Amino acid sequence: MLDKILDWFGFGPMTQGFGGHGHDHGDASGHGHTHGVIDPTIATTDRGIWAIKWSFVILAITAALQLVVVFISGSVALLADTIHNVGDAVTAVPLWIAFVLARRKPSKTFTYGLGRVEDLAGIIIVLIILFSAIVAGYEAIDRLINPRPIAFLGWVAVAGLIGFIGNELVAVLRIRVGREINSVALIADGYHARTDGFTSLAVVLGAIGVWLGFPLADPIIGLLITVAIFAIVWQSSKAVLMRMLDGVEPGLVDEIHHAAEHVQGIEQVRSVQARWIGHRLHADVAISVPSTATATEIMSVTDALKSELFEHLPALADANIRLERSVGPGAGRTETAHAEHHAPEPFKVACDLATGTLEIVDTPAGERMRLTVDRHSDDLMRATVIIDRLGGPETLPLQSVAGDHHRLESTVAPAEPHEFEAKLILVAKDRQQELPFKMVEPEGHHH
């Protein structure tokens with residue numbers, strides 16, 4: 001029973017070793033975590049749940065102690081602070097639900113998992129804070145219009161100090177853990193708790209003002225607390241909405257460019273796209289390589305870039321590397337669209353690593369290169385098509401569709417024309433096979 005209680009509060013074996021993690025270049029292999037047998041995403045969400053549980057307990061105790069003093073004193077400033085602390089404790093609920101849902105594996109419907117639920121939780125938190133501000137403001141204005149005496153001023157001051165201590169403990173906890181797991185919702189909530197601590201100190205000033213013979217000091221402090229809460233609403237909503245609109249910190253894009261500088265063989269970083277899904281980062285990077293690069297050299301460059309990205313960005317969950325051809329003779333010609341599409345004949349794949357069919361197919365998202373696998377080796381890791389073009393190689397990584405490892409598709413359409421020579425590269429754990437092939441349009445359909 002004691003072990004279960006300790007585990008609920010975060011002192012079980014799942015949380016050992018978190019305190020000393022760094023995110024410098026030396027921990028790339030573990031992505032910032034020492035748990036070799038635990039999925040990093042689950043480890044970070046468990047850490048987030050641990051912080052949320054403790055935040056809830058600390059703020060619930062703080063609010064309960066303050067509420068007792070509210071009843072015996074009648075202080076509206078303390079009431080505003082207590083309402084805010086209750087609202088702060090309640091924000092633990094949507095965050096806890098979000099972290100639990102983030103544990104679920106991707107499905108055919110939610111192919112990226114449910115990490116974005118954390119953004120929705122952030123919006124709910126902002127609305128809870130907004131509601132608490134409205135309630136606190138209403139009570140303060142009512143007390144200005146209808147003044148009432150305040151009793152037990154000493155206890156009001158003590159309750160304000162309790163609110164400050166409780167909120168500061170929660171702020172340190174949430175901000176520290178939020179930075180560890182890159183959760184903007186948790187970090188924003190931590191700064192919100194820190195501001196709450198200073199508003200609790202304002203309750204002490206209100207009690208001193210009433211003691212010095214200025215009874216309106218109490219509702220005035222209540223109004224000031226309300227203004228502070230509205231400021232928190234504004235700051236938190238900006239941060240959460242940025243994530244919901246796929247915004248990232250500009251420094252992340254700079255860091256991706258910096259990681260590419262460490263890789264030899266990259267001519268240019270053409271474009272960088274990144275987005276947060278929950279507290280895990282997903283990146284899409286387009287690069288160009290020399291037109292003389294061989295298939296093996298191209299694979300080596302993309303592997304090296306992925307390693308550098310994971311080393312520079314501990315929160316990175318996935319990196320998609322695309323090759324774009326350098327602008328050269330014939331480059332513009334390949335972009336000409338056909339008035340009518342005639343799919344080339346499929347290529348039959350047959351080797352030790354896999355058997356199946358490689359073809360260009362029409363999908364709801366447009367044309368895609370698809371590999372339908374009939375059989376594959378247990379250690380097959382990835383498949384890539386590299387097409388020989390006049391302006392340089394065109395690389396199309398093939399990824400599983402909706403978790404189905406027997407159907408692999410490119411994320412973009414192969415460029416025109418659809419007659420070309422290419423290689424299918426299959427990579428297993430300790431071996432690699434290159435299958436050269438040629439795509440030719442059916443007779444009578446040449447352009």
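All values derive from a computational prediction rather than experimental measurement.
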Criterion side-chain contact (heavy atoms from CB on, under 4.5 Å) on E394 and R322, from CA distance to verdict: CA-CA 9 Å; E394 177 187 4; R322 296 182 290 109; over 6 Å; no
Candidate pair R382 and L398, rule side-chain contact (heavy atoms from CB on, under 4.5 Å), full reasoning: CA-CA 7 Å; R382 65 178 179 271; L398 306 183; over 6 Å; no
Evaluation steps, side-chain contact (heavy atoms from CB on, under 4.5 Å), between I123 and L241: CA-CA 8 Å; I123 291 294; L241 286 172; 3.9 Å; yes
Derivation and outcome, side-chain hydrogen bond (donor to acceptor under 3.5 Å, both in side chains), residues T296 and E434: CA-CA 9 Å; T296 301; E434 296 184 11; 3.2 Å; yes
Candidate pair R375 and D352, rule salt bridge (charged side-chain N to carboxylate O under 4.0 Å, His left out), full reasoning: CA-CA 10 Å; R375 177 200 59 80; D352 295 340; over 6 Å; no
Candidate pair E409 and R368, rule salt bridge (charged side-chain N to carboxylate O under 4.0 Å, His left out), full reasoning: CA-CA 6 Å; E409 287 183 5; R368 295 292 184 266; 5.4 Å; no
Candidate pair W50 and L173, rule side-chain contact (heavy atoms from CB on, under 4.5 Å), full reasoning: CA-CA 10 Å; W50 177 86; L173 182 66; 3.3 Å; yes
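In this structure, the side chains of P346 and L358 stay at 4.5 Å or more apart for every pair of heavy atoms. In this structure, the side chains of S410 and Q399 stay at 4.5 Å or more apart for every pair of heavy atoms. By the 4.5 Å heavy-atom criterion applied to side chains, I287 and V285 are counted as neighbours. Taking 4.5 Å as the limit, some side-chain heavy atom of I298 sits within range of a side-chain heavy atom of P393. In this structure the side chain of L127 never reaches within 4.5 angstrom of the side chain of F131, judged on heavy atoms. When side chains are defined from C-beta on, T395 does not count as touching T302, because their heavy atoms never get closer than 4.5 Å. A 4.5 Å side-chain heavy-atom check between S132 and V86 finds every atom pair outside the cut-off. Contact annotation: the side chain of S55 approaches that of V170 to within less than 4.5 Å [non-hydrogen atoms, C-beta and beyond].
Atom CE of M369 sits about 11.0 Å away from atom CZ of F347, to the nearest 0.5 Å. Between the CG atom of L114 and the CG atom of L120 there is a distance of 11.0 Å, given to the nearest 0.5 Å. Atom-to-atom distance recorded for E421:CD and R389:CZ is 11.5 Å, nearest 0.5 angstrom. Taking CZ of F437 as the start and NZ of K423 as the end, the distance is 10.0 Å to the nearest 0.5 Å. Between the CG atom of L396 and the CG atom of L371 there is a distance of 12.5 Å, given to the nearest 0.5 Å. A distance of 11.0 Å separates CD1 of I266 from NE2 of H257, quoted to the nearest 0.5 Å.
Remark: R194 CZ is packed, more than 12 non-hydrogen atoms of other residues, nucleotides or ligands lying under 6.0 Å away. In the displayed structure, R431 atom CZ is contacted under 6.0 Å by more than 12 heavy atoms of other residues, nucleotides or ligands. A 6.0 Å sphere centred on CZ of R275 holds no more than 12 heavy atoms belonging to other residues, nucleotides or ligands. The environment of F110 atom CZ is sparse: at most 12 non-hydrogen atoms of other residues, nucleotides or ligands sit within 6.0 angstrom.
A donor-acceptor pair under 3.5 Å is formed between the side chain of H406 and the backbone N or O of V373. At distances below 3.5 Å, not a single donor-acceptor pair connects side-chain atoms of T355 with backbone N or O atoms of A350.
Among L313, I256, L309, the one residue that satisfies the side chain to side chain contact (heavy atoms under 4.5 Å, CB included) test with L281 is L313.
When all heavy atoms are compared, the tightest approach of I387 to A422 is CA-CB, 3.8 Å. The minimum heavy-atom distance linking G163 with N85 is given by the pair CA-ND2, 4.4 Å. Closest of all the heavy-atom pairs between F230 and L130 is CE2-CD1, 3.5 Å. In plain terms, the two heavy atoms of A383 and L408 that are nearest each other are CB-CD1, 4.1 Å. Across all their heavy atoms, L426 and A354 have their closest contact at CD1-CB, 4.0 Å. V301 approaches G265 most closely through the heavy-atom pair CG2-CA, 4.1 Å.
Looking at K429 and D379, no side-chain N of the basic residue comes within less than 4.0 Å of a carboxylate O on the acidic one, giving no salt bridge. A salt bridge links R116 and D246; the closest N-O separation between the charged side-chain nitrogens and carboxylate oxygens is under 4.0 Å. Salt bridge absent: R370 and E359 never bring a charged side-chain N and a carboxylate O closer than 4.0 Å.
N320 and Q273 are not linked by any side-chain donor-acceptor pair at a separation below 3.5 angstrom, with hydrogens and angles left out of the test. Judged by distance alone, the side chains of D81 and S200 do bring a donor and an acceptor atom under 3.5 Å apart.
Aromatic ring orientation, H312 versus H262: tilted (interplanar angle from 30° to 60°).
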